[in-house]
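Notes follow the structure.
Basis for what follows: all heavy atoms, side chains included, without hydrogens, waters or symmetry-related copies.
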Amino acid sequence: DGCGHTVLGPESGTLASINYPRTSPNSTVCEWEIRVKPGQRVQLKFGDFDIEDSDSCHSSYLRVHNGIGPNRTEIGKYCGFGFQMDGLITSKSNEVTVQFMSGIHISGRGFLAAYSTTDKSDLITCLDNASHFSDPEFNKYCPAGCVIPFADISGTIPHGYRDSSSLCMAGVHAGVVSNTLGGQINVVISKGIPYYEGSLANNVTSKVGPLSPSLFTFKTSGCYGTLGMESGVIPDSHITSSSILEWPNQTGQVNIWKPENARLKRIGPPWAAFISDEHQWLQIDLNKEKKITGIITTGSTLAEHYYYVSAYRILYSDDAQKWTVYREPGMGKDKIFQGNTELYQEVRNNFIPPIIARFFRINPLKWHQKIAMKVELLGCQFSIGRAPKITLPPPPQHKNDEKIADFMDDFIHSVKTSLQTDKTTFTPEIKNTTVTPSVTKDVALAAVLVPVLVMVFTTLILILVCAWHWRNRKKKTEGTYDLPYWDRAGWWKGMKQFFPTKSAEHEETPVRYSSSEISHLRPREVPTMLQTESAEYAQPLVGGIVGTLHQRSTFKPEEGKEASYADLDPYNSPIQEVYHAYAEPLPVTGPEYATPIIMDMSSHPSTPLGAPSISTFKAAGNQAPPLVGACNKLLSRTDSASSAQALYDIPKGQPGPGSAEQLVYQVPQSVAHPTVSQDE
């Protein structure tokens, strides 16, 4: 009467003292006999051990024996509060006896232990949680029987489980391992989340949990997708049932709860059986063999009809004629799956190992009021290589036809016997027996090398083209003053033809030329190349080179009506394209009248441009303004005017160029003069 929670599986299991983790009653005893496959040995690991040792392990203790029966031999006898067992207790055979004796005592939780075969070196117990391990990812082996009432888990898949949750119990909830078989888990630790949802899955209830610093999830095969009930991939004609509930409502309209209504999350009534007994079923045709790893069910989802199925069996078939009831490996009875506890909640159950079948049946065994449910199947595609064709050998040459017939019957019977397999839930082990020819390696190698070589040669060609292009550009730019290529007149003039014609009132960016470009032009080409739209207000660009001019040498008439800044067309004469050397347009808000500056290009060695250039301006009154300064010789960066004379725009309302009394022209000398600075 001292046995507590116990699950003894074929390869692993869990055992605990009565009332664990509370104090066990006095004068109780329990013995567990553990057997594994012959040739294997048993290892035992304690998750918790707390047995009172008031009399030196005389009345209360735990004893482990090699073997079973009268010939068993003792491995060890253990007792003590908070006893820490270092390592594992290993047997010498495939049989072990564990004996628990509880005498007169006051306190002590008892014990909880797990066992497995010795090939499971990473065995843990049902009490281990993620916080016991520091690695961000690790593999462990969970024993059978870890669905224990005194452990809690919080969370669900795919979001993850709180780090305080039992690893193995969460693995059962997630469908990674079976509670009756145990199994390997691959755990991944990550950052926690503020809230953990609760759900019911595989007879394990996950509770809602608060924020935690970390969480854990499981790596799986990924075969947990929906198979088409909710999405409608499975047509209505492939969903059938044993019976259909039909009943009239208060208005006299007949309600039919057909099997095609059994789609998860579908709005409206579910499928319901006309008769509620254990012979009813809902059948789904998947059209071809699929790998089915789980099922999700709900009740009617109608508040006025509180119907749901609380327990059911699963059957499967390849031809819808011969059906196999799902059983877990090593179990001699059908597996009963826990269904819903109310009509709304989605409950998941996993199949370990998965089912490989085309036809799938749900057989309700327990229900609330009526059999009604909605369903979704989980899994993935299943593909297997085709079986080789059977080629019959030529029969022996017998004249007697009966002997030939007997030979054929014997051969076919032998073939059937060799290919016959039992309908079990074990996933068949598929081994690749196809010999890969050596040519495959060469083809794969060529498939990799050819694109790589093509990319390499293409890259080399692009590098050579870019180098050639860069070399040509470098030659063209020799002798320039680091001006960008888009600032050259040739490029800009070529691009101007693609732009719409600008109005006269808009300004245009001036064009600059280097001395080396002008030197390569014929005299006849220079005026044409140097023409551009005149800037309404210009300032010289000769700061620091022509020392006699201020940085802004622009003038405005002082008599008469002051020009308006808003006047966009201050001249009556047509606009002429005159290039003003070293001049840039002023902002639109600048002075209305500007004096273009024409520099003398007579000193340029390769440009014979006739008469010297002149500088014009309009002074106040009829008197000629004093000479501001003499021009120094231009340095290497020099631009010239389009001709020996510049055409000047006439302000509105003023006499034409023939009025000599209004305009006075000063001709600067080509020789250097002392620099004189005078304010305007």
Checklist line | For Tyr224, ring-ring contact (aromatic ring centres under 6.0 Å, His included) partners two or more places apart | finding: none

Note to self: Taking the side chain as everything from C-beta on, heavy atoms only, tell me whether Thr205 gets closer than 4.5 Å to Leu200.
What the structure shows: yes

Note to self: Before you tell me yes or no, could you show the steps for Trp367 and Ser310 under side-chain hydrogen bond (donor to acceptor under 3.5 Å, both in side chains), namely the whole-Å CA-CA distance, both residues' side-chain angles and the distance that decides it to 0.1 Å?
What the structure shows: CA-CA 5 Å; Trp367 54 88; Ser310 57; over 6 Å; no

Item checked: Sub-4.5 Å side-chain heavy-atom contact between Phe150 and Leu112 -> yes

Item checked: Candidate pair Tyr326 and Phe351, rule ring-ring contact (aromatic ring centres under 6.0 Å, His included), full reasoning -> CA-CA 9 Å; Tyr326 183 82; Phe351 308 126; 5.5 Å; yes

Margin query: Measuring only between side-chain heavy atoms, which start at C-beta, is Asn94 closer than 4.5 Å to Val42?
Written below: no

Checklist line | Check: Tyr196 and Tyr161 side chains under 4.5 Å, non-hydrogen atoms | finding: no

Check: Is the backbone N or O of Glu11 less than 3.5 Å from a side-chain atom of Ser116, with the two atoms forming a donor-acceptor pair by type?
Finding: no

Notebook entry, point to check: Any side-chain heavy-atom pair from Val187 and Lys140 closer than 4.5 angstrom?
Noted result: no

Next item on the list: Using only the SG atoms, decide whether Cys168 and Cys146 are less than 2.5 Å apart.
Entry: no

Next item on the list: Answer whether the closest heavy-atom distance between the side chains of Ile362 and Ile314 falls below 4.5 Å.
Entry: yes

Check: Salt bridge between Arg361 and Asp285, side-chain N to carboxylate O under 4.0 Å?
Finding: no

Next item on the list: Would you tell me whether Cys223 and Cys380 have their SG atoms within less than 2.5 Å of each other?
Entry: yes

Note to self: Between Thr297 and Asn340, is there a side-chain donor-acceptor contact under 3.5 Å, judged purely by atom types and distance?
What the structure shows: yes

Note to self: With no hydrogens and no angle check, just 3.5 Å: does a side-chain donor-acceptor pair link Ser242 and Gln280?
What the structure shows: yes

Note to self: Assess whether a salt bridge exists between Glu289 and Arg358, defined as any Lys/Arg side-chain N lying under 4.0 Å from an Asp/Glu carboxylate O.
What the structure shows: no

Check: With the threshold set at 4.0 Å, does a side-chain nitrogen-carboxylate oxygen contact exist between Glu230 and Arg263?
Finding: no

Check: Judged by atom type as modelled, is there a donor-acceptor pair below 3.5 Å linking the side chain of Asn363 to the main-chain atoms of Tyr312?
Finding: no

Checklist line | Cation-pi, Tyr141 ring and Lys120 (6.0 angstrom, 45 degrees) | finding: yes

Notebook entry, point to check: Are Thr226 and Leu378 close enough, and set up right, to give a side-chain contact (heavy atoms from CB on, under 4.5 Å), and what steps lead you there?
Noted result: CA-CA 5 Å; Thr226 57; Leu378 306 177; 4.1 Å; yes

Notebook entry, point to check: Passes side-chain contact (heavy atoms from CB on, under 4.5 Å), Thr117 versus Val36? Steps please.
Noted result: CA-CA 7 Å; Thr117 54; Val36 295; 3.8 Å; yes

Notebook entry, point to check: More than 12 foreign heavy atoms under 6.0 Å from CZ of Arg266: is that the case here?
Noted result: yes

Next item on the list: Under the salt bridge (Lys or Arg N to Asp or Glu O under 4.0 Å) rule, collect the residues that match up with Glu197, sequence neighbours excluded.
Entry: none

Note to self: Trp281: which residues meet the ring-ring contact (aromatic ring centres under 6.0 Å, His included) condition with it, sequence neighbours left out?
What the structure shows: none

Next item on the list: Just jot down the salt bridge (Lys or Arg N to Asp or Glu O under 4.0 Å) partners of Asp122, sequence neighbours excluded, or say none.
Entry: none

Checklist line | With sequence neighbours excluded, residues passing side-chain hydrogen bond (donor to acceptor under 3.5 Å, both in side chains) with Lys265 | finding: none

Notebook entry, point to check: Mind checking whether Ile295 and Phe360 have side chains closer than 4.5 Å, heavy atoms only?
Noted result: yes

Notebook entry, point to check: Can you tell if the side chain of Ile284 reaches within under 4.5 Å of the side chain of Met229, non-hydrogen atoms only?
Noted result: yes

Item checked: Counterpart residues, side-chain hydrogen bond (donor to acceptor under 3.5 Å, both in side chains), relative to Thr156 (two or more places apart) -> Ser199

Notebook entry, point to check: Does the ring centre of Tyr306 sit less than 6.0 Å away from the ring centre of His368?
Noted result: yes

